Structure formats: C-alpha cells, structure tokens
Amino acid sequence: MYELAYSRPESLTEALALLAEDEGAQALSGGQTLMPVLRARLAMPSRLVDLQRLPELAGIRLVEGGIEIGAATTHAEVAASAHVRAVLPALADLAGGIGDPAIRHRGTIGGSIANNDPAACYPSALLALGATVTTSRRTLAAEEFFTGMFSTALEPGEIVTAVRFPACQRAAYIKFRNPASRFALVGAFVAQLPSGYRIAITGGGHGVFRWREAEQHLDGGGAMAAITEDMLDLGHFTGDLHGSAEYRHHIAAVIVRRALSTLA
Amino acid sequence: MTGITLTVNGREHVVEVEDRTLLVHLLRDELRLTGAHVGCDTSQCGACTVHVDGKAVKSCTMLAVQADGAEILTIEGLANGRELHPMQAAFREHHGLQCGFCTPGMIMMAIDIARRHPNPDAATVRAELEGNLCRCTGYHNIVKAVVAGAERMGEPA
Ligand SMILES: Cc1cc2nc3c(=O)[nH]c(=O)nc-3n(C[C@H](O)[C@H](O)[C@H](O)COP(=O)(O)OP(=O)(O)OC[C@H]3O[C@@H](n4cnc5c(N)ncnc54)[C@H](O)[C@@H]3O)c2cc1C
Ligand code: FES
Ligand code: FES
C-alpha cells in the first residue's frame, strides 16, 4: 500500500471539515471497493476519512410509509434486519446476495451507491423503488443521484447520510451472477408501486437505467410473458469478456420476466 | 505512525503502525501470526479471513488502524493447547485440505457460517463459502468438513 493518512472523526461535522480542508482526502466506508482500488493504485487519496462509526450514518428506522437506512449500514445488517424484512423483503434479499459473507460484514449501502458501479446491486433497487438519498447538503431522488457509470450527483466533500425507501411487498431482485466477480452480469429489480410498475436494470455497462417501455407495457395491461428484448434498446448494453451486449440484452429480458413472475 | 490497541487471540497488544498498514500485514509481519495468508490483490480469495469483533472479514481489505479497539481472532487462537477446535478437527478428519494455503481462511469463515447457520446443509455451506477460493480440493471435502464441524460446534461441550 502507498503512503497515506487515516482519520476517524467522531461526528459528521468533523468528517465534513476533514474532507473540506484537504483536497486529496476521500471518504472511507466499508472499504470493500475502495481498499482494492487503492491497492491497485487506481486512486491515490492522501487521506482517508473513516465514516463507518459516525452516529449520524448509523441505524435502520421505520418512517412514515417506508424505511430509512443509514449510509454506514452494512449489507449484512440490511439482510438480517427484521424491519427491512417486514416492509421491503426484496431489499433484504438483495443485500444478502451481495458478494460473500466477509464483503457483507463490512460493505455498506452508502459506499455502494456513492461508488455506483455499473454492475452493483443497490442502485437498481433505489431507481426501481423511487428511493431518496439524503446527503450532508440535500435530498435527491434516485433518478437525479445516479448520473452514469461510476458517477453520481455527489459534489466533492459531500457525504451520503441515509437512503429512504417506500414500503413495498410486491418487489423482487434477480441477479444473473457473474460467478467470478459475484457482481451482476445483469440484474433486474422490479416493483409494483401505487403509481405503476417500475423496472430497473443493472449490469448493462453504462450504468443503472429504467426499462420504461416494459413499464408502460405492463401499466397498459400488457401480459408479463409478452415482454421481450425487442422492447429494450440494445444501446443500453456493452460487451466485455464475460458476455456480449446481445447476450446481456437477452438475459435482461429473461430475468425481468422471472422477477415479475414472482410477484404474481 | 499511529498508536493502536487491539486484542488478538485474547492478548492485548499496543502497537505503533503506519496508517497505510493493512490488518493482514500487522498480523503477519509485526505480530508474527502467519496463519492468515495473502492470496490475491483483489479481495476475492478469502485466504486472509480473520474475525474482527466476532465477524469474518478479509484482513487484506482493512487497515490496521481501523481495528483500533477491536477483538481479533485468527486461526492461531482456535486450538486449546494441543486440542483442536472442532472445525479444525473436522477439516483433518474429512480431508478438507491439500496444500493448506486456503485452510486458515476457510476455517475462520466456516466458524462464522456455523454461528449464523446452526447445522447448515451442504447447499448453504457452498453458498456461504462463495468468497473463499481453493485451488486444490475441488471443495467437496471442504463442504463435508464444514457440515460436520458445524454439527459438532452445536453439540454441548
Ligand atoms: C469480491 C467482491 C464482491 C462484490 N460483490 C458485489 C456484488 O455482488 N454486488 C454489489 O453491489 N457489490 C459488490 N461488491 C462491492 C461491495 O458491495 C462494496 O461494499 C460496495 O460497492 C462499496 O461499499 P463500501 O462501504 O465498502 O464503500 P467504500 O469501499 O468504503 O467506498 C466506495 C466509494 O464510495 C465513497 N463513499 C463511501 N461512503 C460514502 C458516503 N457515505 N458518502 C459519500 N461517499 C462515500 C468512497 O469515497 C469510495 O469512493 C463486491 C466487492 C468485492 C470486493
Ligand atoms: S488476500 Fe484477502 S481476499 Fe485474497
Ligand atoms: S488446499 Fe490448496 S488452496 Fe485449498
């Protein structure tokens, strides 16, 4: 590991000050993305500001109409939470399928969405459910928060503090897993909200997106079984050594149908 | 350099570390506990698995300074003198290892699995071992060992 400094602030105010005063400083949450990135020297911040124990980022709370999850909540905590199981079981399932047990013991929801890996699981849940992201400065709709692969609306020094989800029993996430990396080769989060169907797809390559054509088809009374990749723009997908764009495009439609069939 | 205090296998250590030191390097190079291995650069192999405050984590994916105040358990802390931990004994009986490189990480993860899933079936063990790679055994005997070891951990001592 290259030379760097580490700070463990006691409060959000102190964390924000540490990030503001040093341009080379970067937030560290569970480290399950950032540590491998640093070891590969793909990024070289001069200081890490550890958010993991900040009280302002902790906890899972039932709120009016849904649930609020602190940014420093680990994947294992979300998977095991009785509150999440009760109001949004699909999210507990999603969190329980991220990586492996050791990754889930340390990786956090805040870190996952701030990173916005184009193959990450959580962003699809936020987008499909219309979640809101609270930061140290503002509240953003998921749609505004995710701005393309590995990119978000976060400004330098801005910290995600919590994510708020609506309660939803009719939701499901299916990950077509890349067996080597454990990330999604393609993943689909589907939800039936009072406003209609919502479908978000991750793993396409350019970042998480909504499949609006399929949403409209379902909202117009179309059959689930009639959803095919013909309604899905191939331009959302890229190919790599794990699978071609056409393969991902096809799999996306298959897993969306599968996820929808679990709601029926 | 930062001064940290941590308990490793029941013993308190007060050490000075560079902020950049990974937990696995503190354990191996400073404390000379070389059971946790480094098998990759990408947080994927699990050879470095230890328990931090009772939970299995990859000690290559955490800074030593992040473990300030924590309780660490490594493979060296499992046996009671010459008496093996039931999970270690199960790995021996079921031939759960060949070269042994992955074994400390496998056993630390196996104990974590047994705590969260008392009497797990083989399918659960396979899913939970997702983050621990073995280049030798083909996993069959590891899975048998974890199932047997978990069963024995559940028996009254
Ligand atoms: C082997 C392996 C398998 C994995 N499999 C999956 C998988 O199947 N699905 C999946 O979705 N993910 C997977 N991951 C990634 C994992 O979920 C990470 O935990 C997650 O992407 C990042 O969360 P973290 O808390 O570890 O963040 P960190 O690594 O600490 O940080 C990630 C980034 O977010 C920034 N950041 C962190 N917290 C905040 C905050 N509160 N506000 C602002 N910025 C912040 C950091 O500065 C950094 O840039 C895997 C990782 C590994 C190593
Ligand atoms: S050395 Fe830690 S996961 Fe491979
Ligand atoms: S026994 Fe050799 S790597 Fe597992």
Side-chain angles (χ1 to χ4, degrees), chain A residues 1-10 18 25-42 44-53 72 74-77 79-80 93 96-108 111 117 175 177-183, chain B residues 1-2 4 17-26 29 36 38 40-70 105-106 108-117 120 124-133:
Chain A
M1 181 70 88
Y2 70 93
E3 182 136 20
L4 52 72
Y6 166 88
S7 309
R8 187 195 285 177
E10 300 286 328
L18 283 162
Q26 188 169 350
L28 171 68
S29 190
Q32 302 303 291
T33 291
L34 190 51
M35 295 303 297
V37 163
L38 300 185
R39 292 181 67 189
R41 303 199 178 194
L42 296 172
M44 292 183 68
S46 50
R47 175 177 299 275
L48 295 176
V49 179
D50 193 346
L51 310 180
Q52 186 104 82
R53 303 192 201 192
T74 63
H75 309 328
E77 286 163 348
D93 292 342
I98 294 177
D100 58 62
I103 299 293
R104 295 195 287 273
H105 279 149
R106 291 198 62 81
T108 66
D117 187 301
K175 168 161 67 164
R177 227 169 40 108
N178 175 333
S181 77
R182 290 153 231 147
F183 274 90
Chain B
M1 300 290 268
T2 302
I4 61 170
V17 293
E18 284 190 274
D19 286 2
R20 64 168 143 177
T21 306
L22 298 172
L23 177 60
V24 70
H25 291 140
L26 170 68
D29 302 344
V38 178
C40 72
D41 279 331
T42 49
S43 304
Q44 283 177 307
C45 78
C48 62
T49 307
V50 303
H51 293 189
V52 175
D53 291 328
K55 289 178 185 148
V57 307
K58 297 180 181 186
S59 61
C60 73
T61 311
M62 175 170 177
L63 298 171
V65 281
Q66 288 179 281
D68 188 16
M106 285 284 177
M108 298 314 289
M109 180 52 79
I111 293 170
D112 187 277
I113 294 170
R115 286 205 188 121
R116 287 179 294 111
H117 303 274
T124 304
V125 169
R126 279 183 193 277
E128 292 277 320
L129 283 180
E130 193 77 67
N132 291 78
L133 305 185

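In what follows, chains carry the letters A, B, and so on, assigned in the order in which the sequence lines appear, proteins first and then strands, with residues in each chain numbered from 1. Source: prediction; values computed, not measured.
For A:Ala76, no part lies near chain B; criterion is any non-hydrogen pair under 4.5 Å. Contacts between B:Glu128 and chain A at a heavy-atom distance below 4.5 Å involve backbone atoms as well as side-chain atoms. Contacts of A:Arg47 with chain B are absent, with no heavy-atom separation under 4.5 Å from either backbone or side chain. With a threshold of 4.5 angstrom between heavy atoms, B:Leu133 approaches chain A through side-chain atoms but not through N, CA, C or O.
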Next item on the list: Quick one: do B:Glu18 and A:Met1 satisfy side chain to side chain contact (heavy atoms under 4.5 Å, CB included)? Show the steps, please.
Entry: CA-CA 10 Å; B:Glu18 284 190 274; A:Met1 181 70 88; over 6 Å; no

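Side-chain contact check for A:Met35 versus B:Leu22: some heavy-atom pair is nearer than 4.5 Å. Contact of the A:Leu38 side chain with the B:Arg20 side chain is not registered, since no non-hydrogen atoms from C-beta on lie closer than 4.5 Å.
Contact tally against chain A (heavy-atom pairs below 4.5 Å) for B:Ala56, B:Ser43, B:Cys40: the top residue is B:Ala56. Note: B:Asp112 leads B:Thr42, B:Asp112, B:Thr49 in heavy-atom pairs under 4.5 Å with chain A.
At a threshold of 4.0 Å, the pair A:Arg104-B:Glu130 does not count as salt-bridged, since none of the basic side-chain nitrogens sits closer than that to a carboxylate oxygen.
Between A:Arg8 and B:Val65, the shortest heavy-atom contact is NH2-O, 3.5 Å. Here the closest non-hydrogen pair linking B:Arg116 and A:Pro101 is NH2-CB, 3.5 Å.
No side-chain donor-acceptor contact under 3.5 Å links A:Arg106 to the backbone of B:Met62. A side-chain donor-acceptor contact under 3.5 Å links B:Asp19 to the backbone of A:Tyr6.
Between B:Asp68 atom CG and A:Asp50 atom CG the span is 11.0 Å, to the nearest 0.5 Å. Here CD of B:Gln66 is found 5.0 Å from CG of A:Leu28. Values are rounded to the nearest 0.5 Å. Rounding to the nearest 0.5 angstrom, the gap separating the CD1 atom in A:Ile103 from the NZ atom in B:Lys58 is 4.0 Å.
Under the side chain to side chain donor-acceptor pair (under 3.5 Å) criterion, A:Arg53 pairs with no residue, sequence neighbours left out.
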